[in-house]
Trainee: 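Let me give you the structure first, and then I'll get to my questions.
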Amino acid sequence: MKTKIIFSLLFLSAIVIRAQDRQFWDQAVGSKAALLGGIVVGGVDDYTATYYNPGALSFLNKKSMSVNFNMYGIKDFQFINGGGPGIDSRYTRVSLYPASLAGPLPFIGDSLNIFSYMIYCNGYSYVRVSERYEGYADVIPTRPPTIAGSPNAFEGDEFLINEGKIDALLNEVSVGFGYSKKISDNVGVGFTLIGAYRDQTKIRYESYAAFDTINQRSATTGVYVDIDYWAVRFSGKFGVEANWKDLKLGVTFTTASVAIKLASGGTDEATLTSNNVLVLVDSTTLEVLPIDILASDRQEGLPVHYKTPLSIATGIEYTLSEGTKIHFACEWFAPLSTYSVMQPESNNFIRNGSGIIKPIDTSELLNVYDAMQSVFNVGLAVEQKLTDKITGYAAFRTDFSNADYEDINGLAVGFTDWNNYHFTAGASTIYNDTFIGVGFEYTHGQRSDFRQLFNFPTGVVEPGDIVLFDKRGSCKAIYNNFNLFFGVTQLL
């Protein structure tokens with residue numbers, strides 16, 4: 001019995017609060033770059049080169065400032081059977097936030113040495129799903145009475161009241177400072193120092209109650225998990241641009257990030273209550289002994305070590321005709337083996353001190369992990385002159401999930417563990433030395449074996465189980481994002 005109870009507590013390991021937070025190519029930033037879906041490694045021609053390819057900075061003939069806004073966006077998350085068979089969950093959110101600002105640093109450098117800056121939002125997602133279920137089901141098998149001679153307990157169907165909520169927020173803002181120099185008439189090299197601030201909050205709350213309407217007894221389970229952290233990291237991007245009349249080639253190498261633990265902080269909290277779910281049966285008298293459980297810990301101000309991998313990208317811009325350009329880009333991201341993002345200090349997680357329940361250390365159970373698999377993304381864009389004043393754009397790019405939960409046995413970072421596909425269309429014009437672009441982007445992603453969010457109603461509680469929702473299946477996750485953006489590049 002003891003062994004089964006010990007491992008039942010590891011249900012917390014299954015509550016992985018996995019925003020868009022598992023993709024590398026979620027955001028395309030910059031005025032013209034956003035119209036091209038970010039497929040500009042080999043042909044970026046404004047100061048967003050600070051982010052895409054610093055080697056291209058040395059080919060900019062005029063100083064400019066680029067501002068790009070995601071003016072209006074609608075994110076829609078659907079989870080078919082997410083709350084259990086026949087119980088679908090959905091969350092739709094309207095977003096309005098700035099995406100990027102880029103320009104030169106005119107007080108340093110010269111015609112041969114170009115310096116620049118860029119501020120951009122390269123990660124944003126918010127998912128909030130809540131469900132409530134009321135109904136009848138035979139969740140708890142018939143039990144012998146707690147007192148000899150009394151009627152059996154939990155005979156037949158129980159009345160269930162189950163509730164759950166997931167709240168996941170990711171916001172990441174980066175600042176880049178670029179430098180570029182021409183090493184020949186057709187080749188430029190550059191480097192960008194990137195500092196990123198990441199703020200991520202993930203909360204899961206679940207409450208399950210099964211009520212024996214005959215004996216007026218209930219069995220309840222409650223769980224609350226809160227992961228909340230902010231972290232700063234730095235990385236470097238090296239870029240090379242080869243520029244000819246009808247052909248531009250670009251290559252970049254981005255280093256793995258370096259976490260600044262002193263510039264970070266996190267809160268790690270979990271609470272579990274279980275009342276009248278786990279029972280021991282006396283083999284002689286057949287009397288039932290309910291075992292209630294209280295397990296809880298909260299630790300604040302923990303150092304955070306969040307990492308991103310090295311990557312290599314290449315891109316091409318080719319002029320097919322006087323009014324038509326083709327853009328292609330691809331990027332490979334290296335894998336990251338499992339590591340600890342946030343490590344709580346040692347403390348007893350079990351609080352009720354029962355001799356039946358073996359104490360479990362917080363540092364073991366509430367450790368927050370992450371791991372990333374290797375990802376290879378590709379994108380293709382077309383730039384077409386429509387009239388003397390208007391240019392049209394169309395782009396497509398993949399955005400595969402980097403999540404790798406295979407070796408993680410505990411809490412993990414991330415939620416959107418599915419592949420996304422981005423489709424972009426838009427147009428631009430130039431008015432009095434001002435580039436103005438308006439575009440629309442649609443993103444679709446789905447996964448048929450996404451982990452079930454809740455389990456309403458739960459399955460039958462087996463002997464030795466301590467919670468009412470120990471078993472979860474899978475559901476179908478569908479993600480759609482509609483985004484209208486607006487960008488301006490002003491020549492200075």
Side-chain angles (χ1 to χ4, degrees), residues 17-31 33-35 37-38 48 50-52 66-78 91-102 118-129 166-176 194-203 227-233 235 257 264 266 304 306-308 333 341 370 372 375 377 397-403 413-424 439-445 477-487:
I17 313 179
R18 304 194 166 149
Q20 231 51 51
D21 60 7
R22 295 295 354 178
Q23 286 81 20
F24 291 118
W25 274 19
D26 182 52
Q27 298 287 325
V29 295
S31 302
L35 291 167
T48 55
T50 308
Y51 168 68
Y52 287 106
S66 174
V67 180
N68 170 241
F69 290 92
N70 282 337
M71 294 297 292
Y72 185 78
I74 300 176
K75 292 179 179 286
D76 180 67
F77 298 86
Q78 297 182 64
Y91 177 69
T92 302
R93 179 179 175 83
V94 177
S95 302
L96 176 65
Y97 57 96
S100 68
L101 173 67
M118 186 170 180
I119 305 170
Y120 53 97
C121 175
N122 59 317
Y124 177 82
S125 182
Y126 189 28
V127 184
R128 173 181 288 175
V129 180
I166 295 175
D167 207 332
L169 170 66
L170 167 69
N171 190 27
E172 184 167 299
V173 178
S174 297
V175 178
I194 302 172
Y197 169 82
R198 185 180 183 92
D199 185 358
Q200 194 160 15
T201 300
K202 302 182 181 178
I203 298 173
I227 300 173
D228 186 354
Y229 71 87
W230 64 275
V232 175
R233 68 183 189 274
S235 58
S257 64
S264 69
V304 178
Y306 180 80
K307 299 192 293 186
T308 51
F333 297 85
V341 178
D370 193 21
M372 297 184 185
V375 171
N377 283 322
R397 69 182 187 276
T398 64
D399 194 9
F400 297 134
S401 170
N402 59 48
V413 171
F415 185 83
T416 59
D417 182 16
W418 54 69
N419 297 329
N420 285 335
Y421 300 88
H422 302 273
F423 303 86
T424 306
F440 173 82
E441 183 169 275
Y442 167 66
T443 302
H444 177 76
I478 303 174
Y479 170 68
N480 291 292
N481 179 42
F482 306 88
N483 184 34
L484 178 66
F485 57 88
F486 173 75

Trainee: A side-chain contact here means heavy atoms from C-beta on lying under 4.5 Å apart; do His422 and Asp26 qualify?
Mentor: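 Contact flag for His422/Asp26 side chains = yes.
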Trainee: Assess whether a salt bridge exists between Asp370 and Arg22, defined as any Lys/Arg side-chain N lying under 4.0 Å from an Asp/Glu carboxylate O.
Mentor: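 Here Asp370 pairs with Arg22 in a salt bridge, since their nearest N and O are under 4.0 Å apart.
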Trainee: State plainly whether the residues Asp167 and Arg128 are in salt-bridge range, i.e. N to O under 4.0 Å.
Mentor: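 Yes, this pair counts.
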Trainee: Within the structure provided, determine whether Asp399 and Asn377 are in side-chain contact (heavy-atom separation under 4.5 Å).
Mentor: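 Side chain of Asp399 against side chain of Asn377, heavy atoms only: contact under 4.5 Å found.
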Trainee: Contact between Glu441 and Phe485 at the side-chain level, heavy atoms closer than 4.5 Å - yes or no?
Mentor: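 Yes. Closest side-chain heavy atoms under 4.5 Å.
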Trainee: Taking all non-hydrogen atoms of both residues, which atom of Ala34 and which atom of Ala28 are closest, and how far apart?
Mentor: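 That closest heavy-atom pairing would be CB-O, 3.8 Å.
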Trainee: Both conditions, 6.0 Å and 45 degrees, for the charged tip of Arg198 above the ring of Tyr306: are they met here?
Mentor: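 That pair qualifies as a cation-pi contact.
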Trainee: Can you find a heavy atom in the side chain of Thr50 that is under 4.5 Å from one in the side chain of Tyr120?
Mentor: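 No, their side chains stay 4.5 Å or more apart.
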Trainee: Hey, are the side chains of Val29 and Thr48 touching, using non-hydrogen atoms and a 4.5 Å cut-off?
Mentor: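 No - every pair of side-chain heavy atoms lies 4.5 Å or more apart.
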Trainee: Mind checking the CZ-CD1 spacing from Phe482 to Ile74? Nearest 0.5 Å is all I need.
Mentor: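 Those atoms lie 7.5 Å apart.
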Trainee: Does any part of the side chain of Phe400, heavy atoms only, come nearer than 4.5 Å to the side chain of Phe24, both counted from C-beta?
Mentor: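 They are not in contact (no side-chain heavy atoms under 4.5 Å apart), so the answer is no.
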Trainee: At their closest point, which heavy atom of Ala33 faces which heavy atom of Tyr52, and how far apart are they?
Mentor: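 Where Ala33 meets Tyr52 most closely, the heavy atoms are CB-CE1, 3.5 Å.
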Trainee: To check you understand the geometry: which heavy-atom pair defines the closest contact between Gln200 and Tyr229, and what is its length?
Mentor: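 Closest approach of Gln200 to Tyr229: OE1-OH, 2.5 Å.
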Trainee: Spell out, as yes or no, whether a donor-acceptor pair under 3.5 Å connects the side chain of Asn171 to the backbone of Tyr124.
Mentor: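 Side chain of Asn171 to backbone of Tyr124: no pair is present.
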Trainee: Could you give the distance from OH (Tyr51) to OG (Ser100), rounded to the nearest 0.5 Å?
Mentor: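 The OH atom of Tyr51 sits 10.5 Å away from the OG atom of Ser100.
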Trainee: Do the non-hydrogen side-chain atoms of Tyr442 and Asn481 ever get within less than 4.5 Å of each other?
Mentor: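 Of all side-chain heavy-atom pairs linking Asn481 with Tyr442, none is under 4.5 Å.
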Trainee: Could you tell me whether the side chain of Ser264 and the main chain of Val304 form a donor-acceptor pair under 3.5 Å?
Mentor: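 Pair found, side chain donor or acceptor close to backbone of Val304.
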Trainee: State, with a plain yes or no, whether a side-chain heavy atom of Arg233 is found less than 4.5 Å away from one of Lys307.
Mentor: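 A side-chain contact under 4.5 Å is absent here.
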Trainee: Check Arg397, His444, Gln23 against Asn420 for a side-chain contact (heavy atoms from CB on, under 4.5 Å) and give me the one that passes.
Mentor: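 For Asn420, the side-chain contact (heavy atoms from CB on, under 4.5 Å) check succeeds only for Gln23.
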